[in-house]
Amino acid sequence: MARGTFANVRLANKFLPRLGPKTVYIPTGELMDVYDAAARYREEGRPLIVLAGKDYGCGPSRDWAAKGPQMLGIRAVIAESYERIHRSNLIGMGIVPLQYLEGQSASSLRLTGREVYAIHMPEDLHPGHLIDVSVNGRVHFQAKARLDTDVEVTYFNHGGILNYMIRRTLGAC
(Lines give C-alpha, C1' and ligand atoms only; values in the text may rest on other atoms or scores of the structure.)
Protein backbone atom coordinates (compact mmCIF):
# COMPACT_ATOMS: atom_id res chain seq x y z
CA MET A 1 0.00 0.00 0.00
CA ALA A 2 2.79 2.44 0.86
CA ARG A 3 4.46 1.90 -2.52
CA GLY A 4 1.24 3.00 -4.25
CA THR A 5 1.06 6.27 -2.31
CA PHE A 6 1.77 9.24 -4.57
CA ALA A 7 2.28 6.76 -7.45
CA ASN A 8 -0.34 8.10 -9.88
CA VAL A 9 1.32 8.87 -13.22
CA ARG A 10 -0.74 12.08 -13.45
CA LEU A 11 0.58 13.33 -10.11
CA ALA A 12 2.01 16.82 -10.46
CA ASN A 13 4.99 17.59 -8.26
CA LYS A 14 5.10 21.35 -8.84
CA PHE A 15 8.72 21.46 -7.72
CA LEU A 16 9.81 19.31 -10.67
CA PRO A 17 9.78 20.18 -14.38
CA ARG A 18 7.84 17.09 -15.47
CA LEU A 19 4.62 15.25 -14.61
CA GLY A 20 4.78 12.01 -12.66
CA PRO A 21 5.17 10.46 -9.22
CA LYS A 22 8.76 11.52 -8.65
CA THR A 23 10.69 13.52 -6.10
CA VAL A 24 14.28 14.50 -5.47
CA TYR A 25 16.30 12.80 -2.76
CA ILE A 26 17.84 15.98 -1.41
CA PRO A 27 21.22 14.72 -0.13
CA THR A 28 22.25 13.45 -3.59
CA GLY A 29 19.94 15.38 -5.94
CA GLU A 30 18.81 12.06 -7.40
CA LEU A 31 15.36 11.96 -9.06
CA MET A 32 13.45 8.90 -7.85
CA ASP A 33 10.05 7.44 -7.01
CA VAL A 34 8.42 8.97 -3.94
CA TYR A 35 8.36 5.59 -2.18
CA ASP A 36 12.10 5.00 -2.69
CA ALA A 37 13.02 8.47 -1.44
CA ALA A 38 10.73 8.04 1.58
CA ALA A 39 12.40 4.71 2.39
CA ARG A 40 15.83 6.36 2.39
CA TYR A 41 14.61 9.19 4.61
CA ARG A 42 12.99 6.64 6.96
CA GLU A 43 16.35 4.81 7.26
CA GLU A 44 17.90 8.15 8.27
CA GLY A 45 15.15 8.79 10.82
CA ARG A 46 14.06 11.93 9.01
CA PRO A 47 10.34 12.82 9.25
CA LEU A 48 8.75 14.21 6.09
CA ILE A 49 6.23 16.88 5.17
CA VAL A 50 4.11 17.54 2.09
CA LEU A 51 3.78 21.01 0.60
CA ALA A 52 0.47 21.09 -1.23
CA GLY A 53 -1.85 23.36 -3.16
CA LYS A 54 -5.61 23.68 -3.00
CA ASP A 55 -8.11 20.94 -2.13
CA TYR A 56 -5.42 18.56 -0.92
CA GLY A 57 -6.81 15.05 -0.68
CA CYS A 58 -9.75 15.30 -3.05
CA GLY A 59 -10.51 12.17 -5.02
CA PRO A 60 -11.41 8.54 -4.29
CA SER A 61 -10.04 6.32 -1.53
CA ARG A 62 -9.43 9.13 0.92
CA ASP A 63 -8.94 6.84 3.94
CA TRP A 64 -6.17 4.97 2.10
CA ALA A 65 -4.79 8.32 0.98
CA ALA A 66 -4.15 9.19 4.65
CA LYS A 67 -2.72 5.79 5.65
CA GLY A 68 -0.13 5.76 2.86
CA PRO A 69 1.55 9.06 3.80
CA GLN A 70 1.73 7.97 7.44
CA MET A 71 3.45 4.76 6.35
CA LEU A 72 5.91 6.80 4.26
CA GLY A 73 6.93 8.83 7.32
CA ILE A 74 5.01 12.02 6.55
CA ARG A 75 4.21 13.85 9.77
CA ALA A 76 2.71 17.09 8.44
CA VAL A 77 1.01 18.50 5.37
CA ILE A 78 1.05 22.23 4.66
CA ALA A 79 -1.64 23.04 2.08
CA GLU A 80 -3.62 25.98 0.75
CA SER A 81 -6.86 24.10 1.51
CA TYR A 82 -8.10 20.58 2.26
CA GLU A 83 -10.84 18.27 1.19
CA ARG A 84 -12.88 18.04 4.42
CA ILE A 85 -12.91 14.29 4.98
CA HIS A 86 -9.27 13.84 4.01
CA ARG A 87 -8.25 16.45 6.58
CA SER A 88 -10.00 14.41 9.28
CA ASN A 89 -8.39 11.21 8.02
CA LEU A 90 -4.92 12.78 8.24
CA ILE A 91 -5.56 13.65 11.88
CA GLY A 92 -6.79 10.13 12.49
CA MET A 93 -3.43 8.86 11.25
CA GLY A 94 -1.45 11.31 13.41
CA ILE A 95 -0.49 13.65 10.56
CA VAL A 96 -0.96 17.34 11.34
CA PRO A 97 -2.79 19.29 8.62
CA LEU A 98 -1.48 22.85 8.47
CA GLN A 99 -2.91 25.51 6.21
CA TYR A 100 -1.10 28.50 4.76
CA LEU A 101 -2.57 31.79 5.93
CA GLU A 102 -4.76 33.73 3.50
CA GLY A 103 -2.75 34.87 0.50
CA GLN A 104 0.14 32.52 1.22
CA SER A 105 1.30 29.47 -0.70
CA ALA A 106 4.52 27.57 -1.27
CA SER A 107 5.06 29.81 -4.29
CA SER A 108 4.42 33.11 -2.51
CA LEU A 109 6.76 32.07 0.31
CA ARG A 110 9.35 31.03 -2.32
CA LEU A 111 9.55 27.50 -1.00
CA THR A 112 11.29 25.04 -3.28
CA GLY A 113 10.70 21.76 -1.46
CA ARG A 114 14.45 21.38 -0.93
CA GLU A 115 14.54 23.09 2.45
CA VAL A 116 14.77 21.75 5.99
CA TYR A 117 11.62 22.58 7.96
CA ALA A 118 11.01 22.86 11.69
CA ILE A 119 7.36 22.88 12.75
CA HIS A 120 7.05 24.22 16.27
CA MET A 121 4.03 22.48 17.82
CA PRO A 122 3.08 24.11 21.14
CA GLU A 123 2.34 22.15 24.31
CA ASP A 124 -0.98 23.98 24.70
CA LEU A 125 -2.24 23.14 21.22
CA HIS A 126 -5.85 24.14 20.60
CA PRO A 127 -8.20 24.22 17.59
CA GLY A 128 -7.03 26.70 14.94
CA HIS A 129 -3.71 27.38 16.68
CA LEU A 130 -1.23 29.39 14.60
CA ILE A 131 1.89 27.28 14.27
CA ASP A 132 5.37 28.70 13.69
CA VAL A 133 7.29 27.11 10.84
CA SER A 134 10.95 27.81 10.22
CA VAL A 135 12.71 27.01 6.97
CA ASN A 136 16.46 26.36 6.90
CA GLY A 137 16.59 27.92 10.36
CA ARG A 138 15.83 31.42 9.09
CA VAL A 139 12.68 31.99 7.01
CA HIS A 140 9.71 31.94 9.33
CA PHE A 141 6.01 31.87 8.59
CA GLN A 142 2.88 30.83 10.39
CA ALA A 143 0.35 28.23 9.32
CA LYS A 144 -3.01 27.45 10.85
CA ALA A 145 -3.39 24.06 12.50
CA ARG A 146 -6.47 22.56 10.87
CA LEU A 147 -7.33 20.75 14.04
CA ASP A 148 -10.82 22.20 14.18
CA THR A 149 -12.22 20.61 17.36
CA ASP A 150 -10.96 19.62 20.80
CA VAL A 151 -11.52 15.96 19.86
CA GLU A 152 -9.22 16.34 16.83
CA VAL A 153 -6.55 17.92 19.05
CA THR A 154 -6.86 14.94 21.41
CA TYR A 155 -6.51 12.43 18.57
CA PHE A 156 -3.49 14.28 17.18
CA ASN A 157 -1.82 14.53 20.61
CA HIS A 158 -2.06 10.74 20.90
CA GLY A 159 -0.58 10.16 17.43
CA GLY A 160 -3.92 9.36 15.82
CA ILE A 161 -7.27 7.84 16.67
CA LEU A 162 -6.03 4.25 16.93
CA ASN A 163 -3.39 5.17 19.51
CA TYR A 164 -5.98 7.18 21.41
CA MET A 165 -8.46 4.29 21.47
CA ILE A 166 -5.82 1.79 22.60
CA ARG A 167 -4.71 4.09 25.43
CA ARG A 168 -8.32 4.77 26.39
CA THR A 169 -9.12 1.04 26.44
CA LEU A 170 -6.08 0.39 28.61
CA GLY A 171 -7.07 3.27 30.90
CA ALA A 172 -3.93 5.26 30.09
CA CYS A 173 -5.75 8.48 29.20
Side-chain angles (χ1 to χ4, degrees), residues 1-100 104-121 131-146 156 159-163:
M1 177 171 73
R3 184 171 287 282
T5 303
F6 301 116
N8 187 318
V9 295
R10 292 177 298 197
L11 181 70
N13 182 338
K14 300 287 185 175
F15 298 115
L16 297 178
R18 65 181 205 162
L19 196 63
K22 300 288 185 184
T23 192
V24 173
Y25 179 65
I26 301 301
T28 64
E30 183 181 354
L31 185 67
M32 60 178 52
D33 290 333
V34 171
Y35 175 83
D36 295 329
R40 286 193 186 178
Y41 287 124
R42 184 175 41 253
E43 288 172 8
E44 298 168 5
R46 188 179 306 231
L48 303 173
I49 69 169
V50 170
L51 301 177
K54 295 178 182 166
D55 300 322
Y56 179 76
C58 66
S61 303
R62 290 181 297 251
D63 60 334
W64 290 103
K67 291 173 187 165
Q70 191 271 344
M71 292 170 62
L72 291 178
I74 293 167
R75 298 295 172 248
V77 175
I78 308 174
E80 292 178 51
S81 64
Y82 289 88
E83 190 282 328
R84 180 183 55 84
I85 295 171
H86 185 65
R87 182 194 60 78
S88 292
N89 289 340
L90 290 172
I91 297 164
M93 295 307 299
I95 298 172
V96 63
L98 301 175
Q99 188 165 325
Y100 296 108
Q104 289 182 337
S105 66
S107 178
S108 74
L109 293 168
R110 294 193 166 114
L111 303 176
T112 67
R114 296 172 186 255
E115 302 89 355
V116 174
Y117 292 79
I119 298 172
H120 309 281
M121 297 300 290
I131 305 299
D132 292 323
V133 180
S134 58
V135 182
N136 292 335
R138 53 186 162 76
V139 176
H140 296 278
F141 66 94
Q142 287 190 314
K144 181 180 179 181
R146 287 300 314 277
F156 174 74
I161 191 169
L162 182 59
N163 292 336

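In this text, all values refer to a predicted model and were calculated from it rather than measured experimentally. Just the heavy atoms: all of them, side chains too, but no hydrogens, waters or symmetry mates, feed the values below.
Looking at every heavy atom in both residues, Val77 comes nearest to Tyr82 through O-OH, 2.7 Å. Looking at every heavy atom in both residues, Gly53 comes nearest to Ala79 through O-CB, 3.6 Å. Arg138 and His140 get closest at one heavy-atom pair: O-CD2, 2.7 Å. Here the closest non-hydrogen pair linking Leu111 and Phe15 is O-CE2, 3.2 Å. The two residues Thr23 and Asp33 have their closest heavy-atom pair at CG2-O, 4.3 Å. For the residue pair Ala66 and Leu90, the shortest heavy atom distance occurs at CB-N, 3.9 Å.
Residue pairs meeting the salt bridge (charged side-chain N to carboxylate O under 4.0 Å, His left out) criterion with at least one partner in residues 85-96, sequence neighbours excluded, are Arg87-Asp148, Arg87-Glu152.
Here Tyr25 pairs with Pro27, Thr28, Met32, Arg40, Tyr41, Glu44 under the side-chain contact (heavy atoms from CB on, under 4.5 Å) rule; sequence neighbours left out. For the side-chain contact (heavy atoms from CB on, under 4.5 Å) test, residues two or more places apart in sequence or in another chain that qualify with Ile131 are Leu98, Ile119, Met121, Pro122, Leu125, His129, Ala145. Checked against side-chain hydrogen bond (donor to acceptor under 3.5 Å, both in side chains), Asn163 has no partners two or more places apart in sequence or in another chain. Listed by chain and number, the residues in a side-chain hydrogen bond (donor to acceptor under 3.5 Å, both in side chains) with Glu80 amount to none (sequence neighbours excluded). Partners of Gln104 according to the side-chain contact (heavy atoms from CB on, under 4.5 Å) rule, which considers only residues two or more places apart in sequence or in another chain, are Tyr100, Leu101, Ser108, Leu109, Phe141. Partners of Thr112 under the side-chain hydrogen bond (donor to acceptor under 3.5 Å, both in side chains) rule, at least two apart in sequence or in another chain, are Glu115. For Arg42, the salt bridge (charged side-chain N to carboxylate O under 4.0 Å, His left out) criterion is met by no residue, not counting sequence neighbours. Every residue two or more places apart in sequence or in another chain that forms a side-chain contact (heavy atoms from CB on, under 4.5 Å) with Ala38 is listed here: Leu48, Leu72. For Arg84, there are no salt bridge (charged side-chain N to carboxylate O under 4.0 Å, His left out) partners at least two apart in sequence or on another chain. In this structure Ser107 satisfies the side-chain hydrogen bond (donor to acceptor under 3.5 Å, both in side chains) test with no other residue, sequence neighbours excluded. Here Glu43 pairs with nothing under the salt bridge (charged side-chain N to carboxylate O under 4.0 Å, His left out) rule; sequence neighbours left out.
Distance check, rounded to the nearest 0.5 Å: CD of Gln142 to CD of Gln99 gives 14.0 Å. Remark: Ile78 CD1 to Tyr117 OH distance equals 6.5 Å, nearest 0.5 Å. The CZ atom of Arg146 lies 8.0 Å from the CD1 atom of Ile91; values are rounded to the nearest 0.5 Å.
For the pair Ser134 and His120, the minimum side-chain heavy-atom distance is below 4.5 Å.
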